[in-house]
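Only one structure is covered here, and it is reproduced in the block below.
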Amino acid sequence: MSALTSARRAAGTVLAAALLTGTLAAPAAVADGTAAVTAAGTTTAGTVFADDFESGTVSHWTRQRIDGNGAITVTGAPAGGSGLAARFSVPNDGVSYRSEVAVNALGWGSYRFALADYLPADWVQTSTETIVAQWHGYPLADGSDTKPPIALTVKDGSWRLKVHWLTDPTTVAEAVIPLGSVQFGHWNQWAFDVTWSTDSTPGSITVYRDGVQVGAHSGLNNYHQNQAPYFKTGIYRANWNPAKGIPYPTGGPDVVLYSDSVVVTQY
């Protein structure tokens with residue numbers, strides 16, 4: 001790994017931590033001379049996207065999507081956080097299943113995606129998988145929808161990384177990487193170092209939580225489409241989609257997730 005790559009990866013971690021604690025008040029410089037992100041969430045040289053939600057809105061994101069009666073708001077960060085954070089909610093009402101924000105594709109290459117998330121202490125543990133961050137592709141050659149090339153999920157109180165790629169134009173392969181148990185009522189500091197695979201080059205993913213490597217994947221990690229996958233965060237519980245016709249018990253508390261300190265750097 002080059003010194004420049006190491007510096008930029010380190011800078012991404014420092015930036016995410018600074019945004020979460022509220023200590024980043026003005027543009028700074030990192031070790032390689034690249035300017036850092038401002039506290040207002042705007043990007044400067046050395047970052048390709050950033051948002052700490054201190055604007056009080058999700059306007060930095062390309063789009064937001066709510067399926068059903070969920071909500072996306074910006075509110076005070078819960079215990080252990082500082083300043084404002086995005087709050088995503090999805091009620092268990094039989095029709096709601098998604099509450100997410102997304103940013104357009106950032107291009108091929110190597111990136112660090114740093115972000116913080118918080119699952120409340122009263123999160124209801126369930127075998128129904130919940131995606132809380134994902135890198136999504138586009139319809140396949142036959143027009144069918146795709147599973148996200150990379151997804152961070154919660155299932156039965158455990159973190160998992162799911163990776164998808166094609167074995168032929170319409171057949172999707174899957175790898176599931178366990179990332180450890182969820183600590184509810186805790187701000188998780190995530191960093192995902194992603195090198196997108198191409199038709200001629202291998203890819204890689206390395207996952208860090210709270211500064212410790214918790215998982216990795218080498219090889220194909222997307223569908224090699226015209227555009228690189230785009231990033232989304234929030235709540236997506238696919239099995240609650242009424243179109244799937246999967247019965248499940250309704251009622252109980254809303255599914256709630258907080259997100260903060262999103263910083264994407266390219267290296």
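Only this structure's heavy atoms are used, side chains among them; waters, hydrogens and symmetry mates stay out. Not measured: the values here are computed from a predicted model.
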Q) Can you find a heavy atom in the side chain of Asp156 that is under 4.5 Å from one in the side chain of Ser127? A) yes
Q) Between Arg160, Lys155, Arg237, which is the residue that forms a salt bridge (charged side-chain N to carboxylate O under 4.0 Å, His left out) with Glu129? A) Arg160
Q. With distance as the sole test, does Asp117 use its side chain to make a donor-acceptor pair with the main-chain N or O of Ser259 at under 3.5 Å?
A. no
Q. Would you find a donor on one side and an acceptor on the other, under 3.5 Å apart, between the side chain of Asp210 and the backbone of Asn188?
A. no
Q. Does a side-chain heavy-atom distance below 4.5 Å link Trp240 with Ser96?
A. no
Q) Do the rings of Trp187 and Tyr118 sit parallel, tilted or perpendicular, given the 30° and 60° boundaries? A) tilted
Q. Relative to the ring of Phe192, is the ring of Trp190 parallel (under 30°), tilted (30 to 60°) or perpendicular (over 60°)?
A. parallel
Q: For Val263 and Thr47, run side-chain contact (heavy atoms from CB on, under 4.5 Å): C-alpha distance rounded to whole Å, both residues' side-chain angles, the deciding distance at 0.1 Å, then the answer.
A: CA-CA 7 Å; Val263 181; Thr47 67; 4.2 Å; yes
Q: Establish, from distance only, whether the side-chain atoms of Asp142 and Ser144 form a donor-acceptor pair under 3.5 Å.
A: yes
Q: Assign the ring pair Trp108 / Trp196 to parallel, tilted or perpendicular, where the plane angle (0 to 90°) is split at 30° and 60°.
A: perpendicular
Q.
I'd like to check Gln225 versus Leu140 (side-chain heavy atoms, cut-off strictly below 4.5 Å). Are they in contact?
A. yes
(Q) So that I know where these two stand, are Tyr138 and Tyr223 an aromatic pair - ring centroids less than 6.0 Å apart? (A) no
Q.
Donor-acceptor pair, distance only, cut-off 3.5 Å: does the side chain of Asn92 make one with the backbone of Pro249?
A. yes
Q. Does a donor on one side chain and an acceptor on the other come within less than 3.5 Å for Asn222 and Ser197?
A. yes
(Q) To the closest 0.5 Å, what do you measure between NZ (Lys162) and NE2 (His217)? (A) 14.0 Å
**Q.** Donor-acceptor pair, side chain of Ser204 and main chain of Val194, under 3.5 angstrom
**A.** no
(Q) Taking the side chain as everything from C-beta on, heavy atoms only, tell me whether Asp93 gets closer than 4.5 Å to Thr250. (A) no
Q) Would you say Val172 and Leu166 make side-chain contact, with heavy atoms under 4.5 Å? A) yes
Q) What pair of heavy atoms forms the shortest contact from Gln183 to Trp159, and how long is it? A) N-NE1, 4.5 Å
Q: Kindly assign one of parallel, tilted or perpendicular to the pair Trp61 and Phe53, based on the angle between their ring planes and the thresholds 30° and 60°.
A: parallel
**Q.** Close side-chain approach of Val90 to Thr130, heavy-atom, < 4.5 Å
**A.** no
